[in-house]
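Below: the structure, in structure tokens.
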Amino acid sequence: MSHEDRIARARAALAHAELRTGARVVRPAPAAPAVPVVSVGATALAAPDREARPVAVVTPAPAPAADRPGPVAVPDRADRNDQAGRDDRADRVDRPARPVAVPAPGAPTSGVRPARGPLLLTDRPPLAVPPALTPLLPDGLRRGSTTAVLGSTSLVLAMIAAACTAREAWAAVVGQPSLGLLAAAQTGVALERLAVVPRPGVEAPTVVAALLDGIDVVVVGPGAHLADADRRRLMARARDRGSVLLSTAPWPGAGTVLTVEGGRWSGVGEGDGRLRAHELHLTRTGRGSAGQAQDLRVVLPLEVGTDPYGIPAAPAPAPAARRTGLRLVG
């Protein structure tokens, strides 16, 4: 369909709408008469022994439309849809393609920003871990990693404190109702940058996914009921967002697993004293570089000279003076 035919069809549809609704359209001033277009460049067919010469092709101007067309027959909806589809396809065919700038090989691309997909984890350094855990986690807590810490909530709190203190990062704990905020504060966790969701209920996957979008360290406890498919999606989300996912319950597919095999307390004497230190036997397993099992013994609290209950260390007892027996003189 030519451009003039589309204009005539549009005017006819507008006139039909005016007749049905009684509305009146303010018509613009009549345009100047079209000037015949003369295109030079067509060649006339000649005999083989004659040269081709340019001829003038005159395109007649379109006939002016009626000022006030009468009622016209409007096709059915199906016919209009088919016609509109054909017109749209014709427009797409007639419309020239937009040029796309392609840099030449070796051209400078300083002003061109490359398209970026998920967050590049190399742009953000890993989070720190307590120095005592460096033999087990030499690279720290890598962004996008999933680590399971089984058997010790105090160890998890120490890892949160070390990870969030250096860079003022945020942490969240989901599904761990037994977490003590006083113990967390005494371990070194900044409570003003800690979000706690003790009982997420059936919305646990949604809650954890939302926290992974904006929190640096997300701890998932046994109170968050997750299916294996939910765990896989959350691991993929942590990799995409660059967050660290810690679990205090078994987590299939975790990159690193720290398991407390046993331990003993110290500080209590024979009927006196207080619990001051907890020695743990840790075993690291996992995938990749953590696939080779490794053991380590650490003592909580991990910082030297501190006490889990804020009590100063008891001074070492002075050696007892050697007592000599009485001797009869004279």
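Note: hydrogens, waters and symmetry copies are ignored here, and every other heavy atom, side chains too, is used. All values reported here derive from a predicted model rather than from experimental measurement.
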| message | Test side-chain contact (heavy atoms from CB on, under 4.5 Å) on Leu136 and Val298; report intermediate values, then the result. | response | CA-CA 11 Å; Leu136 297 182; Val298 297; over 6 Å; no
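With a 4.5 Å cut-off on side-chain heavy atoms, Arg239 and Thr146 do not count as touching. Counting heavy atoms from C-beta on, the side chains of Arg284 and Thr256 come closer than 4.5 Å. Taking the side chain as every heavy atom from C-beta outward, Met235 and Trp251 approach each other to under 4.5 Å. With contacts defined as side-chain heavy-atom distances shorter than 4.5 Å, the pair Val217/Leu245 does not qualify. In this structure the side chain of Leu282 never reaches within 4.5 angstrom of the side chain of Arg297, judged on heavy atoms. Val268 is not listed as a side-chain neighbour of Arg274, based on a closest heavy-atom distance of 4.5 Å or more.
Grouping the Ile, Leu, Val, Met, Phe, Trp and Tyr side chains by contacts below 4.5 angstrom, directly or via other members, places Val129 with Leu258. Val149 and Val173 end up in the same hydrophobic cluster when Ile, Leu, Val, Met, Phe, Trp and Tyr side chains are linked at under 4.5 Å.
Smallest separation of non-hydrogen atoms from Ala185 and Leu191: CB-CD1, 4.0 Å. Val174 and Pro200 get closest at one heavy-atom pair: CG1-CG, 3.7 Å. Residues Val260 and Leu280 approach most closely at CG1-CD2, 3.9 Å, considering heavy atoms. Considering all non-hydrogen atoms of both residues, Leu296 and Ala132 come closest at CD2-O, 3.3 Å. Here the closest non-hydrogen pair linking Arg143 and Pro125 is NE-O, 3.4 Å. Taking all atoms of both residues into account, the shortest heavy-atom contact from Leu150 to Pro250 is CD2-N, 3.7 Å.
With Leu141 as reference, Leu127 is the one residue of Asp216, Leu133, Leu127 to meet the side chain to side chain contact (heavy atoms under 4.5 Å, CB included) rule.
To the nearest 0.5 Å, atom OG1 of residue Thr285 and atom CG of residue Asp295 are 10.0 Å apart. Rounding to the nearest 0.5 angstrom, the gap separating the OG1 atom in Thr187 from the CD1 atom in Ile160 is 9.5 Å. To the nearest 0.5 Å, atoms CD (Gln186) and CG (Leu157) are separated by 11.0 Å. Separation of atoms CD1 (Ile215) and CH2 (Trp170) is listed at 6.5 Å; rounding is to 0.5 Å.
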In a table with atom names and distances, give each donor-acceptor pair under 3.5 Å that connects a side chain of residues 205-214 to protein atoms at least two apart or in another chain.
from	atom 1	to	atom 2	distance (Å)
Asp213	OD1	Arg237	NE	3.0
Asp213	OD1	Arg237	NH2	3.4
Asp213	OD1	Arg241	NE	2.9
Asp213	OD2	Arg237	NH2	3.0

Could you pull out all donor-acceptor pairs under 3.5 Å where a side-chain atom in residues 219-234 meets a protein atom, sequence neighbours excluded?
from	atom 1	to	atom 2	distance (Å)
Asp230	OD1	Arg233	NH2	2.5
Asp230	OD2	Ala227	N	3.2

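Residue pairs that meet the salt bridge (Lys or Arg N to Asp or Glu O under 4.0 Å) test with at least one member in residues 256-267, sequence neighbours left out, are Arg264-Glu279. Residue pairs meeting the salt bridge (Lys or Arg N to Asp or Glu O under 4.0 Å) criterion with at least one partner in residues 178-204, sequence neighbours excluded, are absent. Within the structure, side chain to side chain donor-acceptor pair (under 3.5 Å) contacts touching residues 127-137 (residues at least two apart or in different chains) do not occur. For residues 149-164, there are no side chain to side chain donor-acceptor pair (under 3.5 Å) pairs, not counting sequence neighbours.
No side-chain donor-acceptor contact under 3.5 Å links Gln294 and Thr283.
Checked by atom type and distance alone, the side chain of Arg142 never pairs as donor or acceptor with a backbone atom of Pro126 at under 3.5 Å.
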